[in-house]
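In what follows, a single structure is set out as structure tokens and then discussed.
Below, each value reflects all heavy atoms present in this structure, side chains not excepted, and no hydrogens, waters or symmetry copies. Numbered from 1 within each chain, the chains take letters A, B, ... in sequence-line order.
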Amino acid sequence: MGENTLLSVEDLVVKYFLRTSTCEAVNGISFTIDKGERVGLVGETGAGKTTTALSILDLVPNPPGRIVSGKIILNGEDVLAKSEAEVRKIRGNDVAMIFQDPMTSLNPVMTVGDQITEVVRLHNDVGRFEAMDKARDMLELVGIPGERYGEYPHQFSGGMKQRVLIAMALACNPKLLIADEPTSALDVTIQAQVLDLINGLREKLGMSLLLITHDLGVVAETCDRVMIMYAGSIVESGTIRAVYKNIKHPYTKGLFGSIPRLDIETERLDPIKGMMPDPSNLPEGCAFCERCPNAIEECKTKRPQLEDIGDGHMVACFNPLKEGA
Amino acid sequence: MENNNYMLSVRNLKKYFNTPGGKLHAVDDVTFDIPKGTTLGVVGESGCGKSTLGRTILHLHPKTSGQIIFDGRDISDVSKAELHELRKEMQIIFQDPFSSIDPRMSVKQLIAEPLKIYKLCKSKEEIEQKVKETMETVGLASRLADSYAHELDGGRRQRIGIGRAIILNPSFIVCDEPVSALDVSIQAQVLNLMMDLQEQRNLTYIFITHNLSVVKHISNDIMVMYLGTAVEKADSKELFKHQYHPYTKALISAIPRVDIDNKSERILIRGEITSPIEPPNACRFAPRCEYATERCHNEFPQLEEVEPGHFVACHRVRELNNL
């Protein structure tokens, strides 16, 4: 682990134990995030993106979920080895999270200002008035006039609510901000405002960012590095340039083929055939094998591991795409 | 005006809702034509009135004023019985495949429902045969006939919605955000299906969405809406090449792009959408527009043709774009 590493996830396995089956949500993933780095985690519904994020904060709902094995090292300390009380100190303080749906993440019967004040007082030894001042400053920081401290969430629009959540997440100067689909519920012009805000604040406060999204465009505009997740495994990762310009995994290619492009005229989209396998019944070999046009014999029986193909570009595939394909 | 090449013509359509605060102008004076067998994409952000527009055309909301001409026939004021017959010709696909489908009906029953309502089949066998054909057309495996919606994923549910819409062989379908709830790879499959159906059956679509890349892919013409009014309308390729309205420019520049070598400068619009309740009779975008002048705050701009087939509603369009 390098000196610059903030977070390191090692061989993380998370399963949900249901009455009739076991859902393998995350299957042995490893990655690191450096200080000040912006990393995008991309995948479709059910790929295990949110479970990965919840694991970092030890928030996987238990039962039915459980982190079966693996390590999460934050600032050199193992999060999973800590007691509940110690982990609570990390949450919100060192690592903060913004959730997808700003409409349901706020308490409807508490003013937005009080909700931010609550966070400040939980993590800092400050008096009520000092905390309220801090909350007002945070509102101003995300572009909401401090006078709106006493208003309730229903008086805010979707974009404003997301700003309130950002203010709340950043109130304690976290070292890592996890944003789980922060703009998926917002309109494009508001999305642009919120992404600009997150980016600007990240630079100002020097945080690292883990951005979870299904939108390859958002990642391209916000991140340094990207990880593509499929059925609980990372199938490809690397710098934005390496992955976007030199796609190696057939799934990544399928994702790109599915988006209508603004810059290229396409008559027909070229989507991936079929659907993601049932996570409670994953195939023995590569999880993408059945939908993969490049599958070979080996794919049916063995699970591919992430391998470095140069310059930190990692791919988990027995028969990756050729150069320029 | 009564041009037979148009599937649908809408003239000065208005839909106001009564609210305690006054009249909410959901659709305000919208005019357009759709040629047969083509797609009109309607884009805009939440609350711009695009869904209300689609529903008002289908008489799902009574209109406030204006004219709707469907296949050469004025259907602005039709009786209930006439409307019932008309609905065979004009269908809708809803956004949310999770809430627009009855959870207590099987796939077979759901797709057969329109046939039963219109009593179009003489025997059970005939219904079954038609349902089978439709399921095949929309790509639902016949083994799913007895499944219920909760057993299926979003993509398959949306295929049920499409099946229900096309089984009566309509000529016109309003698609209200049909792929917004789906993952990209499934979204692409459904888009391809809809385009295939259009080609085979010469369907006319109104495709309502907030997703600009999807609308570019599927539409022949695009109309951009802001707070109930149409601000720009042009051929789809033309619109993505040249935008003349300040709002359209910002909207298109805000789309996150996958192409990392050609970053466009994002134009950020200040503030948020203003209230649609009793808006002033002026340009609706003026409060957020950096080019707004005195006139923009006092006078309502009409759509005008600035280039062949390219319509813009902006007082300053010519001077700002050197036209």
For [X] and [Y], which heavy atoms make the closest approach, and how far apart are they?
X	Y	answer
B:Leu268	A:Ala192	CD2-CB, 3.7 Å
A:Val188	B:Ala254	O-CB, 3.8 Å
B:Pro256	A:Val218	CB-N, 3.4 Å

Side chain, backbone, both or neither of A:Ile259 within contact of chain B (heavy atoms, under 4.5 Å):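 Side chain of A:Ile259 only, per the 4.5 Å heavy-atom cut-off to chain B.
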Chain B contact via A:Met160 - side chain, backbone, both or neither, heavy atoms under 4.5 Å: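 For A:Met160, the contact with chain B is made by backbone and side chain together.
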Write out the donor-acceptor pairs between chain B and chain A under 3.5 angstrom, atom names and distance to 0.1.
residue  : atom : partner  : partner atom : Å
B:Glu45  : OE1  : A:Thr189 : OG1          : 3.0
B:Glu45  : OE2  : A:Thr189 : N            : 3.4
B:Glu45  : OE2  : A:Thr189 : OG1          : 2.5
B:Ser46  : N    : A:Asp187 : OD1          : 3.2
B:Ser46  : N    : A:Asp187 : OD2          : 3.0
B:Ser46  : OG   : A:Asp187 : OD1          : 3.1
B:Ser46  : OG   : A:Asp187 : OD2          : 2.7
B:Asp183 : OD1  : A:Thr45  : N            : 3.2
B:Asp183 : OD1  : A:Thr45  : OG1          : 2.9
B:Asp183 : OD2  : A:Thr45  : N            : 3.0
B:Asp183 : OD2  : A:Thr45  : OG1          : 2.5
B:Ser185 : N    : A:Glu44  : OE1          : 3.4
B:Ser185 : OG   : A:Glu44  : OE1          : 2.8
B:Ser185 : OG   : A:Glu44  : OE2          : 3.4
B:Gln189 : NE2  : A:Ile272 : O            : 2.7
B:Gln189 : NE2  : A:Gly274 : O            : 3.3
B:Asn192 : OD1  : A:Leu269 : N            : 3.4
B:Asn192 : ND2  : A:Leu269 : O            : 3.1
B:Asp196 : OD1  : A:Arg268 : NH1          : 2.8
B:Asp196 : OD2  : A:Arg268 : NH1          : 3.4
B:Lys216 : NZ   : A:Arg261 : O            : 3.3
B:Lys216 : NZ   : A:Leu262 : O            : 3.2
B:Arg257 : N    : A:Glu221 : OE2          : 3.1
B:Asp261 : OD1  : A:Arg241 : NH1          : 3.2
B:Asp261 : OD1  : A:Arg241 : NH2          : 2.9
B:Asp261 : OD2  : A:Lys245 : NZ           : 3.1
B:Arg266 : NH1  : A:Glu221 : OE1          : 2.7
B:Arg266 : NH2  : A:Asp196 : OD1          : 2.7
B:Ile269 : O    : A:Gln193 : NE2          : 2.7
B:Gly271 : O    : A:Gln193 : NE2          : 3.2
B:Glu272 : OE1  : A:Ser157 : OG           : 2.4
B:Glu272 : OE2  : A:Ser157 : OG           : 3.3

Greater than 12 external heavy atoms within 6.0 Å of B:Tyr291's OH: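 Counting other residues, nucleotides and ligands, OH of B:Tyr291 stays at 12 neighbours or fewer.
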B:Ile255 portion near chain A, given a 4.5 angstrom heavy-atom threshold: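 Both parts, backbone and side chain.
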